[in-house]
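See below for the structure under consideration.
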Amino acid sequence: MKLGLSLLAAGGLVLAGLSVGARLQRGGEARSRAELLRATPLQGRAEYVGSGACVACHPGEHASWSATYHRTMTQRAAPATVQGVFDDRGLNGVDGEYRVERRGDEYWVRMVDPADKRARAEAGAPLTVAPMVERRVVMITGSHHMQVYWVAATVGRTLHAFPFAWLIAEGRWVPVESTLLRPPEGDVVYTWNEVCIACHAVAGRPGVAEDLRDTRVAELGIACEACHGPGEAHAARHRDPLRRYAQHLSGAADPTIVQPGRLPAPASAELCGRCHSVGLFHDEAAWRRDGDMHRAGDDLSATQRLVRHPLRASRDEGPAIDALLERDPDFLAGRMWSDGMVRVTGREYSGLRESACFAGGELSCLSCHRMHGAPPDDQLAAGMDGDAACVGCHAGEASAEHSHHSPGAAGCMDCHMPHTTYGLLGAMRSHLIDRPDLALTLTTGRPDACSLCHIDRPLAWTAEALARWYGHERPELSALQAEVSAAALWALRGDAGQRALAAWHLGWGPARAVGGGDWQVAILAALLMDPYAAVRHVAARALRRLPVSAGVEID
């Protein structure tokens, strides 16, 4: 697990939010500074200077980073950062009516006390009689797809999630649990210090001691020092303008800072892999107490273990995987298909590392992505959203003779990086670069690339095409697999992951162009009653994209 928490500050020190339960600055009652410090996480770590120290010498890079969703991943709650509508509306929860309200520049919620909820759950007491309390929202996670809001606990520097999240595209409140692809579990108490801090802040230290947390971070969000390493020595060295210009004109590497573009491809990819992987800290207790000792440019394996599927792991990795599955039998199934391909978003490095292209030593995250100057949605470098990302190494395989598609009909990534990863109520491209293989599809359940574009075709059609074009063996298929659209079967008979991916593709523009018609409506309408709320969300979004649904309210 990767965990965390923290806050903000004005003027250089760090406070962040108001605690709940002590006196609040309202109606003339001001909390003392000592109370505030005791109740909120602190910002500032040794060796780190914060992104504000970078802007004077690197204004262009600072501006381009400021435009990214990395910067706004974690922020203090304020009118400029809160996107949810706090209009004194009621929200129906499993344990009563929650409320959201704005009071001047502050955002307040009415909710069950998270500590009380956890205690009642442990004691087996009914949640329906839990008393409601008012809490001030002090921090936010997210700014692109959704926002989760955090309130401070009454003791220690712990932040708990408000059980409702704001979906930005739809402009609506939904239970946080309904955005996760897993069986309905009711309300779960999420703690920022133990879920988010490792990746959603710079140099997070949970500071867990028994049930109290003295959490600290270098900076909220994913900022300069997350990728370039601690900047104190670099800033001190270059306060002298002559030394600064001499370093710039020399073109040599600066030993006081990490420049990802100068690192070998595997090492630069590890900078992203620290967060974008299925990984565990070697010493979980030490991390919870002292934080992650990893610094940009260090060997990632010294502090974290990349968890690989047994089918892809080395013999030496077997005992550790066995021990992990003994503690958590569903750990791999919740994150990977049964052949080890990652199936949840945010873990792209784990997929990339299993790719033959990466094993060659030249491919890294920076081969396609740019942290500065690229559009914020996917941060893809110019031209890297199409076949240009592949033809530099695979020029001969970008031809119609190889793809058997007319130019523009399907790109390299549609066949070799299909959308088989679920996350954020949608489908995303796999970063394990492979090829369509029906034998794997039938063994693992992972949808094949052909069927995700040709949503109207059965697996028998795909098997015939792959045999004719590439000499694949024709697998044995059931009568349904031979005659019924594969996408329809996954949507109606698959597991939750298959249903969500199929629903997304039934509304995906390129697949609709290939599959044609409006036959998807009946299937997507059936998925509006799926037992998984996340699948219902995905199906509703797909329905709204169909022309036949124009003007129809779908919920």
Side-chain angles (χ1 to χ4, degrees), residues 1-7 14 41-51 53-54 70 73-74 156-159 191-210 212-237 253-260 262-264 266-308 316-317 320 323-324 346-347 349-350 353 365 371:
M1 293 283 281
K2 304 178 179 178
L3 331 178
L5 137 49
S6 120
L7 354 309
V14 243
L42 298 179
Q43 187 167 317
R45 297 290 305 274
E47 304 178 76
Y48 290 85
V49 293
S51 57
C54 307
H70 278 91
M73 176 56 71
T74 305
R157 296 190 173 101
T158 298
L159 297 185
T191 303
W192 191 86
N193 318 58
E194 300 179 20
V195 177
C196 310
I197 189 174
C199 294
H200 293 176
V202 179
R205 191 205 75 179
V208 174
E210 296 182 351
L212 297 179
R213 293 161 184 83
D214 181 20
T215 302
R216 298 168 185 264
V217 300
E219 188 167 358
L220 295 176
I222 298 95
C224 308
E225 290 165 300
C227 300
H228 297 282
E232 183 179 59
H234 181 72
R237 176 183 176 90
D254 185 338
T256 64
I257 204 73
V258 173
Q259 175 49 265
R262 290 181 179 269
L263 296 175
S268 72
E270 280 194 351
L271 290 174
C272 306
R274 181 188 164 276
C275 289
H276 291 276
S277 64
V278 181
L280 296 171
F281 292 106
H282 290 306
D283 189 336
E284 184 80 13
W287 175 78
R288 285 164 57 84
R289 183 183 63 248
D290 303 321
D292 189 0
M293 295 297 104
H294 180 269
R295 301 292 183 267
D298 291 350
D299 179 3
L300 185 60
S301 65
T303 52
Q304 291 189 36
R305 176 169 62 84
L306 186 71
V307 179
R308 304 176 69 200
D316 294 341
E317 295 173 291
L324 172 62
R347 306 293 178 254
Y349 176 68
S350 288
R353 269 200 53 168
C365 305
M371 297 300 101

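Keep in mind that what you see is a predicted model, and the values were worked out from it rather than measured.
The two residues Thr74 and Leu220 come nearest to each other via the heavy atoms O-CB, 3.5 Å. Closest approach of Val217 to Ala201, counting heavy atoms only: CG1-CB, 3.8 Å.
Aromatic ring pairs are classed by plane angle as parallel below 30°, tilted from 30° to 60° and perpendicular above 60°; the pair Phe281 and Trp287 is parallel.
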Next on the checklist: Run Glu270 and Asp298 through side-chain contact (heavy atoms from CB on, under 4.5 Å) and show every step you take.
Outcome noted: CA-CA 9 Å; Glu270 280 194 351; Asp298 291 350; over 6 Å; no
Checklist entry - Are Leu263 and Leu271 close enough, and set up right, to give a side-chain contact (heavy atoms from CB on, under 4.5 Å), and what steps lead you there? => result CA-CA 10 Å; Leu263 296 175; Leu271 290 174; 3.9 Å; yes
Item to check | Worked check of side-chain contact (heavy atoms from CB on, under 4.5 Å) between His200 and Val195 | outcome: CA-CA 9 Å; His200 293 176; Val195 177; over 6 Å; no
Checklist entry - Step by step, would you call Leu306 with Ser301 a side-chain contact (heavy atoms from CB on, under 4.5 Å)? => result CA-CA 7 Å; Leu306 186 71; Ser301 65; over 6 Å; no
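Arg45 is linked by a side chain to side chain donor-acceptor pair (under 3.5 Å) to nothing, counting only residues two or more places apart in sequence or in another chain. Applying the ring-ring contact (aromatic ring centres under 6.0 Å, His included) rule to His294 yields no partners; only residues at least two apart in sequence or on another chain are considered.
Rounded to the nearest 0.5 Å, atoms CG (Asp214) and OG1 (Thr158) are 10.0 Å apart. The structure places CD of Gln304 at 5.5 Å from OG of Ser277, a figure rounded to the nearest 0.5 Å. A distance of 10.5 Å separates CZ in Arg274 from NE2 in His276, rounded to the nearest 0.5 Å. Atoms CE and CZ, from Met293 and Arg205 in turn, are 9.0 Å apart once rounded to the nearest 0.5 Å. Taken from CG in Leu159 to SG in Cys196, the straight-line distance is 9.5 Å, to the nearest 0.5 Å. Atom OG of Ser268 sits about 13.5 Å away from atom CZ of Arg262, to the nearest 0.5 Å.
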Which pairs of donor and acceptor atoms, one on a side chain in residues 227-236, lie under 3.5 Å apart (sequence neighbours left out)?
unit_1 : atom_1 : unit_2 : atom_2 : d
His228 : ND1    : Val258 : O      : 2.7
His234 : ND1    : Asp254 : OD2    : 3.1
His234 : ND1    : Thr256 : OG1    : 2.9

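Glu219 places a side-chain N or O within 3.5 Å of a backbone atom of Ser51 that can act as its donor or acceptor partner. Distance alone, capped at 3.5 Å, places no donor-acceptor pair between the Arg295 side chain and the Ala203 backbone.
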